[in-house]
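Here the structure comes first, spelled out in structure tokens, and everything after it is commentary.
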Amino acid sequence: MFRKGAGEVDFINLLANVNPDSPLAGVRLERPAAVDNAQESFYALMQPDEPGTFSHGERFAVGSYVATVLQVRTAGTYYSELMLDVEDRELRDAVLEAAERDRSSGPYGVYRESGLTSESEPGGVAVHDPAVFGERLAAALDVAHLLTFHPRDSRPEVLGRLARGGWGLDEAVSLYQLVSFLNFQLRVIHALQVINGQPEVHEPARLEGEEARWGGEGGSFEVSRPDGIASPERFVAHPLRWVPWAEPIPENELTEKQRDALVEPSRAANPYFRLLARDPDALKARTLTDNDIFYNTEGGAGRAERELAAAVVSRYNGCTFCASVHAGRAIEESGREDEVKSLLERGVRADLSDPLWNAVRDAAVALTTSPMQFDEDTVTKFADLDVDATYVLDIVNAAAFFNWANRLMLGLGEPEVPRPYRDQ
């Protein structure tokens, strides 16, 4: 297994085949906290010292599945080899066979917002047989496919699938973190492969799928949608609240470790962070990764362009909450309200009236599309605009990170319009 203390091998560099002494590896290290904490996220989610009832075998199975359906084969092979350390070959082969069958193209799904129904794109749902995988792993793979290809189809019933499949709430939060982290990690790996001149071949696929099995009652934890939520009707640039579908840790019950994982004490009042605090190691590493990607402004892309990438990804994945936050920040950092609001209103093909902003938009879309379409042409657009490698990696990191953030926001709760904005 790949463990702490096993040398200075960086896992993302390893799977992207980036030489640790190369200029590309050196550019990555200009965001050292992001590099270190992406690695810490891997340890916390894939190989924790104390995995609890969410076993290493289950974690490696999910990693093998997500990497294989996303066609990042270096990672799929590596995670499947880790799986063989703790599970039998028959189960490993069943996971890989399911992943090859379940490959799809995304993001697709049905919007929850009434004003966006014309943009909905229904698609296939992957269903896994408990007789083959066991009830727990079958539920996990069902959810992993949805979060990877059609996260906007998230509903409370999807989280409830885990509760009925024998997952506890702490474990379910860790699973959502793991799948979401993989959607970040694998996109960074793919982009580095492209930049390094060694891209893997990704083939388009279309999953016909089966009927979803999200319905039913009961389970190991309570999942519900509170009554009377004032849902947004469309994408907006003003603030939204976020309402969880499962119980966050009460603020007065947070442990010292959980409070430390929040990084910023004020987040103890936020239900989103108190829900993620159920896996404090993963939350802390994720937060520190986020902070370096967006707030380390020594060279590279400006804050406005990083926030723009986040807003584009959120618009494309269908996360109205994240889009509202980061569209607002892009406007604040750039002053370009018309362009950002055009993105929200018209979608990710909107002309942003600037070659560099359009290149950022195109890169974020290409990296978010499944199978990933970030390619040599994407990189060439930036080279033609005379920006450096640090700039390109800042956009890659920002876009990849919001493929992590969107899946948590969409999967664990939903946005609500605060009262002052309900008549706008």
Side-chain angles (χ1 to χ4, degrees), residues 1-4 6-7 9-18 38-39 41-49 51 53-104 126-149 165 171 174-190 192-193 198-203 205 207 282 370-372 403-404 407:
M1 292 187 185
F2 192 78
R3 296 192 180 278
K4 295 182 185 180
V9 176
D10 177 88
F11 189 70
I12 287 177
N13 281 348
L14 175 71
L15 294 186
N17 199 29
V18 173
Q39 189 97 328
S41 296
F42 166 79
Y43 293 134
L45 290 165
M46 193 66 76
Q47 290 189 193
D49 293 334
T53 49
F54 184 7
S55 70
H56 284 127
E58 290 172 327
R59 294 168 193 259
F60 299 151
V62 170
S64 301
Y65 179 83
V66 174
T68 303
V69 293
L70 282 176
Q71 303 183 55
V72 183
R73 294 178 178 83
T74 54
T77 299
Y78 191 84
Y79 285 136
S80 67
E81 290 174 352
L82 290 179
M83 189 179 172
L84 279 180
D85 288 344
V86 291
E87 298 286 355
D88 61 58
R89 186 173 296 274
E90 184 178 358
L91 180 60
R92 191 282 305 266
D93 291 348
V95 168
L96 294 181
E97 181 181 344
E100 291 293 344
R101 180 191 68 228
D102 296 344
R103 285 188 298 147
S104 194
V127 177
H128 302 89
D129 188 351
V132 175
F133 299 101
E135 190 64 46
R136 278 175 57 91
L137 185 55
L141 297 181
D142 288 355
V143 171
H145 185 274
L146 180 145
L147 288 177
T148 297
F149 290 109
E171 295 176 300
S174 295
L175 174 65
Y176 272 71
Q177 278 274 35
L178 174 58
V179 176
S180 302
F181 162 72
L182 288 164
N183 274 274
F184 157 79
Q185 181 202 58
L186 296 167
R187 283 173 165 82
V188 174
I189 289 169
H190 169 76
L192 290 174
Q193 290 172 330
Q198 298 177 317
E200 294 183 305
V201 176
H202 292 183
E203 300 173 356
L207 176 72
S370 303
M372 286 169 270
N403 277 286
W404 186 349
R407 286 166 170 82

When every non-hydrogen atom of A98 is compared with those of H128, the smallest separation belongs to CB-CD2, 3.9 Å
Heavy atoms of V132 and A94 approach each other most closely as CG1-CB, 3.9 Å
| Verdict with reasoning, Y43 to D49, per side-chain hydrogen bond (donor to acceptor under 3.5 Å, both in side chains) | CA-CA 8 Å; Y43 293 134; D49 293 334; over 6 Å; no
Nearest heavy-atom approach of G76 to T68 is CA-OG1, 4.0 Å
In this structure, CG of L70 is separated from CD of Q185 (nearest 0.5 Å) by 11.0 Å
What one should report as the nearest heavy-atom pair of L207 and A126 is CD2-N, 3.9 Å
Query raised in the report: Just wondering, more than 12 heavy atoms not from E100 lying within 6.0 Å of its CD?
Result: yes
ask   = Given side chains that start at C-beta, do those of Y176 and L147 come closer than 4.5 Å, heavy atoms only?
value = yes
Nearest heavy-atom approach of H202 to P371 is CB-CB, 3.7 Å
(request) Flag the pair Y78 / F11 as yes when their ring centroid distance falls below 6.0 Å, and as no otherwise. (result) yes
In this structure, CZ of F54 is separated from CG of L175 (nearest 0.5 Å) by 5.0 Å
Whether F149 and H145 hold their rings parallel, tilted or perpendicular, with breakpoints at 30° and 60° | tilted
Open item on the list: Could you check whether R187 and S370, counting side-chain N and O atoms only, form a donor-acceptor pair closer than 3.5 Å?
Closed with: yes
Smallest heavy-atom separation, P51 atom then R59 atom, equals O-NH2, 3.2 Å
* Under the 3.5 angstrom rule, does the side chain of R407 hit a backbone N or O of N403 as a donor-acceptor pair? -> yes
The residue among M372, E203, E200 that forms side-chain contact (heavy atoms from CB on, under 4.5 Å) with Q71 is E203
- Message: Using modelled atom types and a 3.5 Å cut-off, is there a donor and acceptor pairing between side-chain atoms of R101 and backbone atoms of L96?
- Response: no
message: Is the shortest side-chain heavy-atom distance between S104 and V69 below 4.5 Å?
response: no
- Measure the shortest side-chain to side-chain distance between Y79 and Y65 over non-hydrogen atoms and say whether it is less than 4.5 angstrom. no
_Quick check against the 3.5 Å criterion: does S80 have a side-chain atom that pairs as donor or acceptor with the backbone of T77?_
yes
In this structure, CG of L84 is separated from CZ of F60 (nearest 0.5 Å) by 11.0 Å
Exercise. Between R136 and S55, does a side-chain hydrogen bond (donor to acceptor under 3.5 Å, both in side chains) hold up when you go through it step by step?
Worked result: CA-CA 11 Å; R136 278 175 57 91; S55 70; over 6 Å; no
Interatomic distance, CG@L141 vs CG@L146, rounded to 0.5 Å, equals 12.5 Å
Examine distances only and state if a side-chain atom of E87 and a backbone atom of H56 form a donor-acceptor pair shorter than 3.5 Å. no
The reported gap from CG in L192 to CG in N17 (rounded to nearest 0.5 angstrom) is 11.0 Å
Taking the side chain from H190 and the backbone from A16, do they hold a donor-acceptor pair closer than 3.5 Å?
no
Does the side chain of V179 come within less than 4.5 Å of V143's, by heavy atoms? no
Check: With a 4.5 Å limit on heavy-atom distance, are the side chains of S41 and Q177 in contact?
Finding: no
Next item on the list: Compare all side-chain heavy atoms of I12 with those of F42 and state whether any distance is below 4.5 angstrom.
Entry: no
Between M46 and V62, is any pair of side-chain heavy atoms under 4.5 Å apart? no
